[in-house]
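Structure record follows, encoded as structure tokens.
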Amino acid sequence: QVSAGEMASLLSVIRTRGVRYVFAEERYGKGIGDMLKEEAGVHVLYLDPLNRGDYDADSYLTGMEKNLEAIEAAMAQE
């Protein structure tokens with residue numbers, strides 16, 4: 001959980017550095033991501049950290065390809 005002070009600091013960094021994208025893990029950061037999107041107007045991309053689920057031989061590469069596709073799609077909207 002992020003404190004109010006940490007959130008204020010994060011918003012300050014986003015605004016002063018012109019951050020446009022924030023990458024997060026939906027399982028742990030959905031509420032924070034939604035708040036950042038609303039308060040700072042950033043694009044929040046929820047990526048799979050690939051640390052749970054299917055462990056087939058190609059699961060890591062498949063998961064990374066899906067993450068890359070999500071990043072490319074978001075940046076293509078600019």
Neighbour count above 12 (heavy atom, 6.0 Å) for Met64 CE = no
Tyr21, Ile71: one ILVMFWY side-chain cluster at the under-4.5 Å cut-off?
-> yes
Audit row: Asn67, Phe23, side-chain contact (heavy atoms from CB on, under 4.5 Å) steps and yes/no = CA-CA 10 Å; Asn67 283 341; Phe23 301 98; over 6 Å; no
Might you point out which heavy atoms bring Met7 and Met35 nearest each other, and give the distance in Å?
-> CE-SD, 3.7 Å
Of the non-hydrogen atoms in Leu50 and Gly63, which two are nearest, and what is the gap between them?
-> CD2-CA, 3.5 Å
Mind running side-chain contact (heavy atoms from CB on, under 4.5 Å) on Lys66 and Thr62 for me, showing each step along the way?
-> CA-CA 6 Å; Lys66 287 180 183 177; Thr62 301; 4.1 Å; yes
To the nearest 0.5 Å, tell me how far Leu36 CG sits from Leu10 CG.
-> 5.0 Å
Spell out, as yes or no, whether a donor-acceptor pair under 3.5 Å connects the side chain of Tyr46 to the backbone of Lys30.
-> yes
Would you name the heavy atoms of Ala74 and Leu45 that are closest together and state the gap between them?
-> CB-CD2, 3.1 Å
Give the cluster check for Ile32 versus Val19: same hydrophobic cluster or not, with ILVMFWY residues linked at side-chain heavy-atom distances below 4.5 Å.
-> yes
Identify whether Met75 and Leu47 are in the same connected component of the hydrophobic contact network (ILVMFWY, side-chain heavy atoms under 4.5 Å).
-> yes
Shortest non-hydrogen contact from Val44 to Gly33?
-> CG2-O, 3.3 Å
